[in-house]
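Reviewing the structure listed below.
Computed from heavy atoms alone, side chains included, the values below leave out hydrogens, waters and symmetry copies. Below, read A as the first sequence line, B as the second, and so on, with proteins coming before strands; counting in each chain starts at 1.
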Number of protein chains: 2
Amino acid sequence: MNINEVSKKFGLPKDTLRYWEKEGLIPAIKRDQNGYRVYSEYDQNWIFYILVLRKAGMPVKKLKQFVALYLHEPQTRKKRRELLEMQRDELIKQTHDIQKTINYLTYKIDHFDDQLLTFENEKLAYEKKVD
Amino acid sequence: MNINEVSKKFGLPKDTLRYWEKEGLIPAIKRDQNGYRVYSEYDQNWIFYILVLRKAGMPVKKLKQFVALYLHEPQTRKKRRELLEMQRDELIKQTHDIQKTINYLTYKIDHFDDQLLTFENEKLAYEKKVD
DNA sequence: CCTTGCTATGGAGTTAACTCTAACGTTTAT
DNA sequence: ATAAACGTTAGAGTTAACTCCATAGCAAGG
């Protein structure tokens with residue numbers, strides 16, 4: 001697959017694909033005799049992985065670190081799986097943070113007609129433990 | 001309260017408080033005889049509201065629109081509450097998106113030792129319905 | 001009274017993550 | 001065989017959201 005096909009497959013601008021490669025988010029893509037990029041299945045899986053994490057708000061810098069660790073930590077499969085688990089944990093933490101804001105808004109909505117909306121109460125609604 | 005006290009109370013740089021005010025995320029703050037900002041309880045509640053939504057990833061532009069609508073839509077309390085509900089809905093959608101990525105990572109982790117990690121399977125894990 | 005420290009402003013600088021442009025080679029369609 | 005369409009690169013430009021800087025007014029301590 002060439003860059004145009006991959007671009008269409010994932011709905012990603014070609015410039016972004018080249019940018020991600022330059023930044024080391026995806027491996028260096030093989031070239032044909034003209035220097036044109038040829039994306040393998042493996043490359044495409046990797047792009048999907050990066051795309052999904054980027055859509056979830058994971059910054060490029062952090063992904064770069066993960067990828068570098070993943071590639072330069074070839075010791076054990078265990079280590080690599082742990083990296084995925086770390087990434088998942090970060091996302092779980094992120095949903096908890098957003099959940100706190102949802103709780104806060106729910107409090108504001110439920111008490112919208114009350115006159116006694118104090119900062120203290122709103123803060124408590126925000127800090128309310130996420131189950 | 002002056003800008004320094006508010007800055008400390010919320011752990012926000014003074015420049016950010018001035019920036020948010022300039023952008024219309026918070027109302028124009030009253031000034032004392034020297035032109036120094038004096039933050040009321042109301043102002044501080046507003047700042048907390050903006051802070052919480054910003055931490056949840058809501059962009060400044062979107063918040064600006066919400067605030068403008070909120071202030072220029074003085075007709076009914078109902079309309080205003082609906083704006084809060086819209087904001088909450090956006091956040092809920094956002095957590096669902098992140099949940100999809102968590103599902104995808106969970107799939108990758110659970111099948112880490114399998115050799116047949118195809119793009120199709122990973123994509124299905126990602127698209128899996130969130131309950 | 002003078003220095004240190006707080007406030008203000010307008011505007012410049014920074015970082016992240018693209019996105020676009022220019023200059024050039026290749027391939028395809030007419 | 002030549003124009004249109006696509007690929008390459010290096011590097012400039014853009015947008016968001018701050019963050020910093022220079023300049024200047026007011027103010028409290030020694």
Side-chain angles (χ1 to χ4, degrees), chain A residues 1-40 43-44 46-68 90 94 97-98 101, chain B residues 1-40 43-44 46-68 90 94 97-98 101:
Chain A
M1 258 190 170
N2 70 9
I3 198 166
N4 192 39
E5 295 168 314
V6 172
S7 165
K8 278 180 183 146
K9 173 170 178 183
F10 294 108
L12 272 170
K14 285 175 279 188
D15 277 327
T16 300
L17 286 168
R18 287 189 278 247
Y19 167 71
W20 283 1
E21 184 180 349
K22 192 166 59 183
E23 291 297 309
L25 264 63
I26 47 179
I29 307 297
K30 298 282 177 306
R31 309 304 182 97
D32 67 10
Q33 68 279 8
N34 301 313
Y36 291 8
R37 288 174 179 78
V38 180
Y39 293 85
S40 68
D43 296 332
Q44 291 169 48
W46 201 294
I47 288 163
F48 183 70
Y49 163 71
I50 295 295
L51 173 60
V52 157
L53 276 277
R54 282 293 300 123
K55 279 209 281 191
M58 178 91 45
V60 165
K61 198 179 207 169
K62 206 163 264 177
L63 279 171
K64 208 188 317 198
Q65 292 167 356
F66 270 113
V67 169
E90 277 203 37
Q94 204 178 316
D97 285 355
I98 298 173
T101 303
Chain B
M1 260 190 169
N2 70 9
I3 197 165
N4 192 39
E5 295 168 315
V6 172
S7 165
K8 278 179 182 148
K9 174 170 179 183
F10 293 107
L12 272 172
K14 285 176 279 188
D15 275 327
T16 300
L17 285 169
R18 286 189 279 248
Y19 168 71
W20 283 1
E21 183 181 349
K22 192 165 61 184
E23 291 297 309
L25 264 62
I26 47 180
I29 307 298
K30 297 284 177 306
R31 308 305 181 95
D32 68 9
Q33 67 280 7
N34 301 314
Y36 292 7
R37 288 173 178 78
V38 180
Y39 293 85
S40 68
D43 296 332
Q44 292 170 47
W46 201 294
I47 288 163
F48 182 71
Y49 163 73
I50 295 295
L51 173 59
V52 157
L53 276 275
R54 282 294 297 123
K55 279 209 283 192
M58 177 93 42
V60 165
K61 199 178 207 170
K62 207 164 263 179
L63 279 170
K64 207 185 323 194
Q65 292 167 356
F66 269 114
V67 169
E90 277 203 36
Q94 204 177 318
D97 284 355
I98 298 173
T101 303

Under 4.0 angstrom between [X] side-chain N/O and [N] OP1 or OP2:
X       : N      : result
A:Arg31 : C:dT26 : no
B:Asn34 : C:dA8  : no
A:Arg37 : D:dT8  : yes
A:Thr16 : C:dT19 : yes
B:Arg18 : C:dA8  : yes

- Closer to the 5' end of DNA chain D via nearest nucleotide, is it B:Met58 or B:Asp15? B:Met58

- On DNA chain D, more 5' by nearest nucleotide between B:Gln33 and B:Trp20 is B:Trp20

- Task: Salt-bridge test for A:Lys61 and A:Glu23: reply yes if a basic N is under 4.0 Å from a carboxylate O, no otherwise.
- Result: no

- Under a 4.0 Å N-O cut-off, is there an ion pair linking B:Lys62 with B:Glu90? yes

Can you identify which nucleotide, out of [options], has its nearest atom closest to the [X] side chain?
X       : options               : value
A:Asn2  : C:dT7, D:dC18, D:dG7  : D:dG7
A:Tyr36 : C:dA8, D:dT8, C:dC18  : D:dT8
B:Pro13 : D:dA17, C:dT7, D:dT19 : D:dT19

Rounded to the nearest angstrom, tell me the gap between atom [atom1] in [X] and atom [atom2] in [N].
X       : N      : atom1 : atom2 : value
B:Glu23 : D:dA16 : CD    : P     : 10 Å
A:Tyr19 : D:dG13 : OH    : C1'   : 14 Å
B:Ile3  : C:dA8  : CD1   : P     : 5 Å
A:Lys8  : D:dA5  : NZ    : C1'   : 11 Å
A:Ile29 : D:dT9  : CD1   : C1'   : 16 Å
A:Ile50 : C:dC18 : CD1   : C1'   : 15 Å
A:Glu21 : C:dC18 : CD    : P     : 15 Å
A:Lys22 : C:dA16 : NZ    : P     : 15 Å

- Note on the structure: Taking every heavy atom of B:Leu12 against every heavy atom of B:Ser7, the minimum-distance pair comes out as O-OG, 2.6 Å

- Looking at B:Val38, B:Leu17, B:Asp43, B:Ile29, which one forms a side chain to side chain contact (heavy atoms under 4.5 Å, CB included) with B:Val6? B:Leu17

- Message: With rounding to the nearest 0.5 angstrom, report the CZ to CG distance, A:Arg54 to A:Leu51.
- Response: 9.5 Å

